[in-house]
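All chains are named by letter (A, B, ...) in the order of the sequence lines, taking the proteins before the strands, and each is independently numbered beginning at 1.
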Protein chains: 2
Amino acid sequence: MVLKVRKKVTALPGCPMSKCMDLLGGCWTPEVLWSLSEGPRRFSELRRDCPFISAKVMTSRLRDLEQRGVLSRKVMPTSPPTVEYALTELGKELLPAIRSIVDVGTRLLLRDPTP
Amino acid sequence: MVLKVRKKVTALPGCPMSKCMDLLGGCWTPEVLWSLSEGPRRFSELRRDCPFISAKVMTSRLRDLEQRGVLSRKVMPTSPPTVEYALTELGKELLPAIRSIVDVGTRLLLRDPTP
DNA sequence: TTTTCCAGTAACCAGATGGAAACTGCCAAC
DNA sequence: GTTGGCAGTTTCCATCTGGTTACTGGAAAA
């Protein structure tokens, strides 16, 4: 499941869908947010949650989302250093949309169990 | 708002999000479905609804969605011929997710009215 | 002492795909 | 007779962007 967003196109002014997709769009973004919906997670945990996302993309997705204020990144002073990602308030606003997508997907799987 | 899907990656077996995004993903797909949510529309109407979508992409998106069973395409025997697109039952199943995205976007616009 | 884990980063490649612009055929209206 | 609308199609181009592989450096476990 790959979802991309082109960076040069910003949200259409005043368009709700655009506003939301500007944060949700981007390859694997929904998966990452879904993983974080249960609570904070570390980088390696996210990687294990979504083994199909390469490290490079995972990193860039997390950086994007951090910059847009959707999630926070906290480096713990441990050794080896661990990093904790968590949804911000803004990020939590996105959850209803994510849940709805998952709900619809679940219903689709019930009606047609092929992959 | 640009949303892409790579065709070579199919839905992850048994993953609800994947199953749903497989249909929702693709550049401008949510916009097209949103336009159709009120009822059937003709090609030129869709083009006017979403002037930022090029004819080429609009066509390919409609063909994709038709092939996936999300919408139906009916050529009316008029001259010049008109073509009517409408959501199928499957397509209507997607609407809750679309609505949810729009809802979240609306809420985001309220909290931060910048484009 | 070698391996593993942590959280990445850098370099390079290939393919997908959206954008722009031009063109189609047919009919109706002006 | 030419303009306009319908519903596209075709071509070419640029670029975006994700995948893969290799590498980092320190600490702890084997």
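Nearest to the side-chain atoms of A:Thr59 among the listed nucleotides C:dT9, C:dG19, D:dG18 stands C:dT9. In the set D:dA7, C:dG8, C:dG19, D:dA7 carries the atom at the smallest distance from any side-chain atom of B:Arg42.
Residue-level contact check: A:Arg41 touches neither bases nor backbone, having no heavy atom under 4.0 Å from any strand. Backbone-only engagement by B:Ser44 is indicated by non-hydrogen atom pairs under 4.0 Å involving sugar-phosphate atoms exclusively. Among the heavy atoms of the strands lying under 4.0 Å from A:Thr82 are primed sugar atoms or P, OP1, OP2 only; no base atom is included.
For A:Tyr85 and C:dA7, the OH to C1' distance is 8 Å, given to the nearest whole Å. Between the CZ atom of A:Arg47 and the C1' atom of C:dC5 there is a distance of 13 Å, given to the nearest Å. Rounded to an integer number of Å, the gap from CZ of A:Arg48 to P of C:dA7 is 8 Å. Here D:dA7 presents its P atom at 14 Å from CD of B:Glu66, a figure rounded to the nearest Å. Here the P atom of nucleotide D:dA14 and the NZ atom of B:Lys56 are 14 Å apart, to the nearest Å. Regarding A:Met58, its CE atom lies at a distance of 11 Å from the P atom of D:dG19, rounded to whole Å. The separation between A:Phe43 atom CZ and C:dT9 atom C1' is 10 Å, rounded to whole Å. Distance B:Trp28 CH2 to C:dG18 P: 10 Å, rounded to the nearest Å.
In terms of heavy-atom proximity, B:Ala97 sits nearest to A:Ser100 at CA-OG, 3.3 Å. In plain terms, the two heavy atoms of B:Leu33 and B:Leu94 that are nearest each other are CD1-CD1, 4.0 Å.
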Full working for side chain to side chain donor-acceptor pair (under 3.5 Å) between A:Tyr85 and A:Arg73: CA-CA 5 Å; A:Tyr85 293 91; A:Arg73 178 175 181 271; 3.2 Å; yes

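For B:Ser54, a side-chain nitrogen or oxygen approaches OP1 or OP2 of C:dG19 to under 4.0 Å. Residue A:Arg73 places at least one side-chain N or O under 4.0 Å from the OP1 or OP2 atom of C:dG8.
A:Leu95 is not connected to B:Leu110 by any chain of hydrophobic side-chain contacts under 4.5 Å among Ile, Leu, Val, Met, Phe, Trp and Tyr, and they are in different clusters.
Comment: B:Lys92 engages B:Glu89 in a salt bridge, judged by a side-chain N to carboxylate O separation of less than 4.0 angstrom.
Comparing A:Pro80 and A:Ile53 against DNA chain D, the residue whose closest nucleotide sits nearer the 5' end is A:Ile53.
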